[in-house]
There are 2 protein chains.
Amino acid sequence: MTEASGHEGQPSPPTPRVRLVDVAREAGLSKTTVSAALNGTGRLSPAVRERARETARRMGYRPNATARHLRAGRARLIGYVVGGAPDALWTYLESPYFARLTGATAATSLLRGYAVVLLPAGTLQGEWSDLSLDGVIVADPVAGDTVIEDLLAAGIPVFSDRSVEGRPGASWVDVDAEGAVREALDHLREQGARRPVLVVPDIATRFHVEVEAAHRAWCAAHGLPELAVRVAESGNGPVVRAVETALDTPEGAERPDALLVVAEASPPLVLEAARRYGYEVPDDLLVVLVSEDATALYTDPPVTTLSLRPEAVAEAGVEHLVAVLEHGRREPAGTLVPTRLDVRASSVRSGRGE
Amino acid sequence: MTEASGHEGQPSPPTPRVRLVDVAREAGLSKTTVSAALNGTGRLSPAVRERARETARRMGYRPNATARHLRAGRARLIGYVVGGAPDALWTYLESPYFARLTGATAATSLLRGYAVVLLPAGTLQGEWSDLSLDGVIVADPVAGDTVIEDLLAAGIPVFSDRSVEGRPGASWVDVDAEGAVREALDHLREQGARRPVLVVPDIATRFHVEVEAAHRAWCAAHGLPELAVRVAESGNGPVVRAVETALDTPEGAERPDALLVVAEASPPLVLEAARRYGYEVPDDLLVVLVSEDATALYTDPPVTTLSLRPEAVAEAGVEHLVAVLEHGRREPAGTLVPTRLDVRASSVRSGRGE
DNA sequence: CTGAAAGCGCTAACAT
DNA sequence: ATGTTAGCGCTTTCAG
């Protein structure tokens, strides 16, 4: 039962908000005094401070944030854009990786005193120039992303995961693609794999480009065949089809004995695909997925995943941006986030030593 | 190659931003004229207008959004909070429903000229009172949610999906729970189900409370047994266990012949659970999931889903909020969004007429 | 057709 | 210890 209940209902005109002057007048004090009292600054007698506070409370005073921001010279607002894909403006949130990256970015920002504004993927600065953003975080830019150029040209501090190395004002965070590939392939090899096949999206994101390079290098170094299938589109449909392509070997040909999928795909669906093609996991096929999808824990067998650690990426990114924003750091800095392999039954050769 | 390349690099002091006065001075005009020229307002000679624009461009002038907002009296910013759960501050993004609701809210807002600020779930107004939000959207409040009370008390226009009926200033949107349950159960009954079992979260969200009521009513009306299992926690693990509970009937007892899951769960995992308990889908068990999870399309068989239409919910919500914000509408308005049943093979009795 | 000046609501020097 | 005043950067009457 709020104040506006029953017959007494406020008349239509949107109640003019109580301003600092109003409180000051009412309390018989000056703006300064009330402001100081409310902000805990200055030296005021406890009595006056209390009177100001009480009056403000009674009148339902709430400071105007915009005015404060104008005064302060910043709005404590950080923009968040995902690079590339201007075709999929918002769907990135539906991928577990981005869902967690986004949440973690918002969480870390808030800890540092900034709120996050969601921006549509791949849009340029011009489309939201009327927002008072102190800085912008660009997640997952593709090579030569216009978003970044745009922001840099506008002089807005930018942090971008993946590398924008060397651009002044553009700190970066990068997932350690090379380490990720090496760790996953080493693990598969230890488990006996000799014909691992890689499934990777065919896009210009720095991470994926590096993954391919690392894979090539690893295969050469270990004298194993370089088996890879590229996925043109993202999404479960295309990725699962790519997995099928990878597993569907011609009659009599040697079959792959391990699968490393570096594209967001539903773990249970990948397992199902493997079964459809007559593989037993992990007996005939070891499976490792680069994924943040929690369902990996609940499949039978549970699926080994390689986490890109979105929380760590977000944290490092916000940290860099805040460093620029608050201490005016100019020299670009960077962080390389190591991935984490969560070994589960899908990639552990069974019937050995157990 | 931006201007700051090479040896010429700007010295450290963060470049003082170009202001309107600076442009005016440089162009030999007044602030007024330049402002008018840039905003396309007022009656200026084309020559002057062009001169002002050119100078602004040359100097890299970008208007200060905060100052504009102060002047305009609003920041064109909408807050977005998810109700309840202060334990899971950000994880809501990982659910397909909320991922899409969030994206759609941001998209619709932008179309109406507002940007969306992500707020941690279940937090109160006091924790982000230093943000200049014109309004707030509260998604999925639980009964008697403090977030709502808090906002209403503060006089901030609130829209909330699910109902907050009767509160002045609090328009609402509600998913048609009753229709959803009826549509799903009618469908299952038409397909021959006589012992459908409902799996539903045990939480006070209005939607879920209504689902239970509707289920009870439907069972009574059709003279079918009221079978239901409640899930204490959310997440794939608990939901799958609840599904197992629902399917794991004592030896000799009658088994359920249809499953209606009204909790976000991974479609392939639910299918897998059914198989583990010896059910063939759809032959022994018809399955309908309330879910926005895209994997439902790719399972074998594809799973029938009941969509809560997050895009429609978001659209209606933003529409209501903007109506309050821009036309000062006071009388609370509401929208009831119908759900959509996407019938796929998992709920169609096979071997009949085909 | 253009410019001077007021003021959005707040905070912080600078008096008193 | 408290009040006066300037000013953050912009838009917009209102004179000229």
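First the proteins, then the strands, lettered A, B, ... as listed; each starts at 1.
- For A/Thr41 and C/dA12, a side-chain-to-base donor-acceptor distance below 3.5 Å is absent, hydrogens and geometry of angles not being considered.
- Taking only side-chain nitrogens and oxygens, A/Arg68 comes nearer than 4.0 Å to OP1 or OP2 of C/dT11.
- Contact check, B/Ser45 against C/dT2: a side-chain N or O comes under 4.0 Å of OP1 or OP2.
- Between B/Tyr61 and the phosphate of D/dG9, there is no side-chain N or O to OP1/OP2 separation shorter than 4.0 Å.
- The nucleotide whose nearest atom lies closest to any side-chain atom of B/Leu29 is, among C/dG3, C/dG9, D/dG9, C/dG3.
- Contact between the side-chain N/O atoms of B/Arg71 and the OP1/OP2 oxygens of D/dT12 is not found at any separation under 4.0 Å.
- With respect to A/Tyr80, the side-chain contact (heavy atoms from CB on, under 4.5 Å) criterion is satisfied by exactly one of A/Leu118, A/Val136, A/Val117: A/Leu118.
- Going from atom CZ of A/Arg62 over to atom P of C/dG9 covers 14 Å, rounded to whole Å.
- Remark: B/Ser35, B/Asn39 in residues 33-40 of chain B come within less than 4.0 Å of DNA chain D through at least one heavy atom.
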Item to check | Evaluation steps, side chain to side chain contact (heavy atoms under 4.5 Å, CB included), between A/Arg76 and B/Trp128 | outcome: CA-CA 11 Å; A/Arg76 307 212 72 106; B/Trp128 23 269; over 6 Å; no
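- One distance of note links CG of B/Leu111 with CD of B/Glu319; it measures 9.0 Å at 0.5 Å rounding.
- Between the CG atom of A/Leu20 and the P atom of D/dT2 there is a distance of 16 Å, rounded to whole Å.
- When the P atom of D/dC8 is taken as reference, atom CZ of B/Arg17 falls 14 Å away, rounded to whole Å.
- Here D/dC10 is the nucleotide among C/dC10, D/dC10, C/dT2 with the atom lying nearest to any side-chain atom of B/Lys31.
- Among the nucleotides D/dC8, C/dG3, D/dG3, the one closest to any side-chain atom of A/Leu70 is D/dC8.
- With the end axes of the helix from C/dC1-D/dG16 to C/dT16-D/dA1 each set by five pairs, the angle from one to the other reads 50° at 10° resolution.
- B/Arg43 comes within 4.0 angstrom of a base, heavy atoms only.
- Counting heavy atoms from C-beta on, the side chains of A/Ser171 and A/Val324 come closer than 4.5 Å.
- Atom pair B/Arg25:CZ and C/dG3:P shows a separation of 14 Å (rounding to whole Å applied).
- Under a 3.5 Å cut-off, the side chain of A/Arg53 and the backbone N or O of A/Ala37 do form a donor-acceptor pair.
- The distance between atom CZ of B/Arg74 and atom C1' of C/dG9, rounded to the nearest whole Å, is 18 Å.
- Both A/Thr32 and A/Ala72 sit near DNA chain D, but only A/Thr32 has its closest nucleotide nearer the 5' end.
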Next on the checklist: Go through it in stages, so that I can follow the logic: the residues are B/Asp174 and B/Arg206, the test is salt bridge (charged side-chain N to carboxylate O under 4.0 Å, His left out), and I'd like the CA-CA distance, side-chain angles, deciding distance and then a yes or no.
Outcome noted: CA-CA 9 Å; B/Asp174 209 344; B/Arg206 184 182 161 100; 2.8 Å; yes
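- Side chains of B/Thr66 and A/Thr66 form a contact here, defined as non-hydrogen atoms less than 4.5 Å apart.
- Here the CD atom belonging to A/Glu26 is positioned 11.0 Å from the CZ atom belonging to A/Arg51, to the nearest 0.5 angstrom.
- At a threshold of 4.5 Å between non-hydrogen side-chain atoms, the residues B/His69 and A/His69 do not count as touching.
- Atoms CG (A/Leu44) and P (C/dA12) sit 13 Å apart, rounded to a whole Å.
- Across A/Ile137, A/Val116, A/Leu93, A/Val82, a single residue satisfies side-chain contact (heavy atoms from CB on, under 4.5 Å) together with A/Thr102, and that is A/Leu93.
- Between the CZ atom of B/Arg51 and the C1' atom of C/dT2 there is a distance of 11 Å, rounded to whole Å.
- Rounded to whole angstrom, the span from the NE2 atom of B/His69 across to the P atom of D/dC8 amounts to 19 Å.
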